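Below is one structure, written out as structure tokens; the observations come after it.
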Amino acid sequence: MNEILKEQFFVDDLSDDQKHVITNINSYIKQGLTGDTSSVAIIEGAAGTGKSVVLMELVRQYMTDRHYRTSLVVNHPELYKAYRDLAESIPNMKASEIRRPTSLINYAQKNHKTYDIIFVDEAHLLYSKSEPYAHYRGQNQLTDLMALAKVVVVVYDFDQVFQSKMYWDRDLLNKTIGGHPHKQFDMNFQYRMVASDEQVTWMDDLTAEKPLKPFPENSDFEFKMFDTAGALFETIKKRNKEVGMSRVVAISGFPRIDGRHNVEMDSFSLPWDEWDPQRTHWAKREGSITQVGTIYTLQGFDLNYVGMIIGPSFGYDKQSDTMTIIPEKYSHKEIFKKRKDMQFSRAEYKDFIANVLNVLMKRGKYGLYLTAYDDDLRQRLLELATTGE
């Protein structure tokens, strides 16, 4: 088994909190398997709380037991590759039982297949509308999955919603589940980062457009502000040589220069990440050190150090001393696609963009290196980092 993936998704020394959640979900699954209608177990928690670790422990229990008809689905292409890779190294587990949700739904409906348990990681990436371009012609993927299984175990984080076609909030989730039995299992403990609660709160406050403060220095988590993206990149390359799994990431909005759509700032110029059909996921590929990561390659994965370039869609308001979100400068138009069944306000689009930044900042276990494209924002964050006021 790939050791990096094993370390992230299968933990030998589960915490008491994780064991408690697993025990409770197991009881709920056993109860649901005897019911007359499908039931839903909802694992909910913020980025870095170990949701996938809990899910994969349940997956290992049930998907290696031939008494159960099971499947694991995830709509994130990089996570899909990682889980298929893991499955081939787990005795009695079949990689073929891990699918993208559209693939499973279309296959099961065509062949009249049903399941005892369907596990769904990153369920906030399920389509909540028809998406014919992606070969999904239903109206809601969770509804379709519930029709296929006695129990559906879903992992949700509403703060990781980035696009209209994958829009979820608590009201929509409750409406989708309807009268089906369901139970929520909360995970509110941070495991990815060695950062303190106050440091995590600083990241949350930054993306929530709250007044800026110095980054708390009360843990071993390493935070550093950079005046240039070039210097940030050199530090990330150094960390990558030392401990590996260190990458530069950025937010959409960088202008095209001479026909190039790279991330370009001061001496820094690198292309965006690219989806690649090869089996090794982006975060682990050696060549990805010379690309800039996004939510599409990193959501759900751990890094050791993150070099975060806050893009042009974020500015600074001196009067309120806050970072501001500017949707008009966000160049990845996928998040702005219209829906017939609901409309989104400018504030909601700002939330989508804020969620992207928040999740990317929290990819690093041991450190966050930060810079910003906007001159005023960068200088204010540098001022706070150097003077504390």
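Quick caveat, the model's predicted, so the values are computed rather than measured. Below, each value reflects all heavy atoms present in this structure, side chains not excepted, and no hydrogens, waters or symmetry copies.
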Worked verdict on R100 versus H135 for side chain to side chain contact (heavy atoms under 4.5 Å, CB included)
CA-CA 11 Å; R100 302 284 292 278; H135 307 292; over 6 Å; no
Taking the side chain from T387 and the backbone from L384, do they hold a donor-acceptor pair closer than 3.5 Å?
no
Does a side-chain N-to-carboxylate-O contact under 4.0 Å join R346 and E328?
yes
Can you name the nearest heavy-atom pair linking R84 to A95, along with the distance?
NH1-O, 2.9 Å
Distance-only check: which donor-acceptor pairs under 3.5 Å involve side-chain atoms of residues 241-255, not counting sequence neighbours?
residue : atom : partner : partner atom : Å
E242    : OE1  : R239    : NH1          : 2.7
S246    : OG   : G244    : O            : 3.1
R247    : NE   : S288    : OG           : 2.7
R247    : NH1  : N240    : OD1          : 2.8
R247    : NH2  : A283    : O            : 3.2
R247    : NH2  : R285    : O            : 3.1
R247    : NH2  : S288    : OG           : 3.4
S252    : OG   : S331    : N            : 3.1
S252    : OG   : S331    : OG           : 2.8
S252    : OG   : H332    : N            : 2.9

Assess whether side chain to side chain contact (heavy atoms under 4.5 Å, CB included) is satisfied between V151 and L33, documenting all intermediate values.
CA-CA 7 Å; V151 181; L33 289 172; 4.1 Å; yes
Any pair counted as salt bridge (Lys or Arg N to Asp or Glu O under 4.0 Å), so long as it reaches residues 317-326, sequence neighbours left out:
D321-R380
Interatomic spacing from CD in E198 to CG in N218 - rounded to 0.5 Å
5.0 Å
Just by distance, do the side chain of R363 and the backbone of Q299 share a donor-acceptor pair under 3.5 Å?
no
Listed partners of Y107 passing ring-ring contact (aromatic ring centres under 6.0 Å, His included), at least two apart
none
Test item: E209 side-chain N/O and I325 main-chain N/O as donor-acceptor pair under 3.5 Å:
yes
For the student: nearest non-hydrogen atoms of A149 and S38, plus distance
O-CB, 3.0 Å
Any pair with a residue in residues 143-152 that passes side-chain hydrogen bond (donor to acceptor under 3.5 Å, both in side chains), sequence neighbours left out, goes on the list, sorted by first then second residue, please.
Y136-D144
Verdict with reasoning, F221 to F215, per side chain to side chain contact (heavy atoms under 4.5 Å, CB included):
CA-CA 11 Å; F221 188 80; F215 190 82; 4.0 Å; yes
If you take all heavy atoms of A229 and I309, which pair is closest and at what distance?
CB-CD1, 3.9 Å
Excluding sequence neighbours, so at least two apart, what forms salt bridge (charged side-chain N to carboxylate O under 4.0 Å, His left out) with E286?
none
Evaluate side chain to side chain donor-acceptor pair (under 3.5 Å) for R339 paired with S128, printing each intermediate quantity in order.
CA-CA 10 Å; R339 291 182 59 152; S128 55; 2.8 Å; yes
In Å and rounded to the nearest 0.5 Å, what is the CD to NZ distance from Q343 to K338?
7.5 Å
Tell me every residue that passes ring-ring contact (aromatic ring centres under 6.0 Å, His included) with Y369, counting only those two or more places apart in sequence or in another chain.
F226, Y305
Distance from H180 atom NE2 to L142 atom CG, nearest 0.5 Å?
9.0 Å
Check: D205 side chain, K210 main-chain N or O, donor-acceptor pair, under 3.5 Å:
no
Between K237 and F233, is NZ or CZ placed under 6.0 angstrom from the six-membered ring centre and within 45° of the ring axis?
yes
Residue pair Q139, D341: steps toward the side chain to side chain donor-acceptor pair (under 3.5 Å) verdict:
CA-CA 10 Å; Q139 297 303 314; D341 59 333; over 6 Å; no
How close do P211 and T322 get, heavy atom to heavy atom, and via which atoms?
N-CG2, 3.6 Å
Check this for me, if you would: do D169 and K175 make a salt bridge, where the nitrogen-to-carboxylate-oxygen distance has to be below 4.0 angstrom?
no
Do any N or O atoms from the side chain of D273 and from the backbone of T294 form a donor-acceptor pair under 3.5 angstrom?
yes
Any sub-3.5 Å donor-acceptor pair from D157's side-chain atoms to D159's backbone N or O?
yes
Check ring-ring contact (aromatic ring centres under 6.0 Å, His included) between W168 and all other residues, then give those that pass, not counting sequence neighbours.
Y156
I need the W272 CH2 to T297 OG1 distance, nearest 0.5 Å.
10.0 Å
With sequence neighbours excluded, what pairs up with K329 under the side chain to side chain donor-acceptor pair (under 3.5 Å) test?
none
Working to the nearest 0.5 Å, report the span between OG1 of T70 and CG of D65.
9.0 Å
Where the side chain of S164 meets the backbone of F336, is there a donor-acceptor pair that is under 3.5 Å apart?
no
Under the rule for side chain to side chain donor-acceptor pair (under 3.5 Å), what residues qualify as partners of D116, not counting sequence neighbours?
R69
Nearest-0.5 Å distance, OG1 of residue T371 to CG of residue L382:
6.5 Å
NZ (K213) with more than 12 external heavy atoms under 6.0 Å
no
Begin with the C-alpha distance, continue with both residues' side-chain angles, and end with the deciding distance and a verdict on side chain to side chain donor-acceptor pair (under 3.5 Å) for K110 and N106.
CA-CA 6 Å; K110 179 180 179 180; N106 290 344; over 6 Å; no
E348 side chain vs S345 backbone, donor-acceptor pair below 3.5 Å
yes
Could you please spell out the steps behind the side chain to side chain contact (heavy atoms under 4.5 Å, CB included) verdict for I98 and M93?
CA-CA 10 Å; I98 300 174; M93 189 166 172; 4.0 Å; yes
Donor-acceptor contacts, no H, no angles, side chain residues 40-47, under 3.5 Å, sequence neighbours left out:
residue : atom : partner : partner atom : Å
E44     : OE1  : R170    : NH1          : 2.9
E44     : OE1  : Q184    : NE2          : 3.2
E44     : OE2  : R170    : NH1          : 3.3
E44     : OE2  : R170    : NH2          : 2.8

Show every ring-ring contact (aromatic ring centres under 6.0 Å, His included) that has at least one partner inside residues 30-49, sequence neighbours left out.
none
Can you give me the closest heavy-atom contact between W202 and F223, atom names plus distance?
CH2-CZ, 3.9 Å
Which pairs count as ring-ring contact (aromatic ring centres under 6.0 Å, His included) when at least one residue sits in residues 54-80, sequence neighbours excluded?
Y62-Y68
Quick one: does Q160's side chain have a donor or acceptor within less than 3.5 Å of a partner on V359's backbone?
no
Atom of L377, atom of I310 and distance for their closest heavy-atom approach:
CD2-CG2, 4.2 Å
Under the side chain to side chain donor-acceptor pair (under 3.5 Å) criterion, do H20 and D16 qualify, and how do the steps go?
CA-CA 6 Å; H20 181 69; D16 290 340; over 6 Å; no
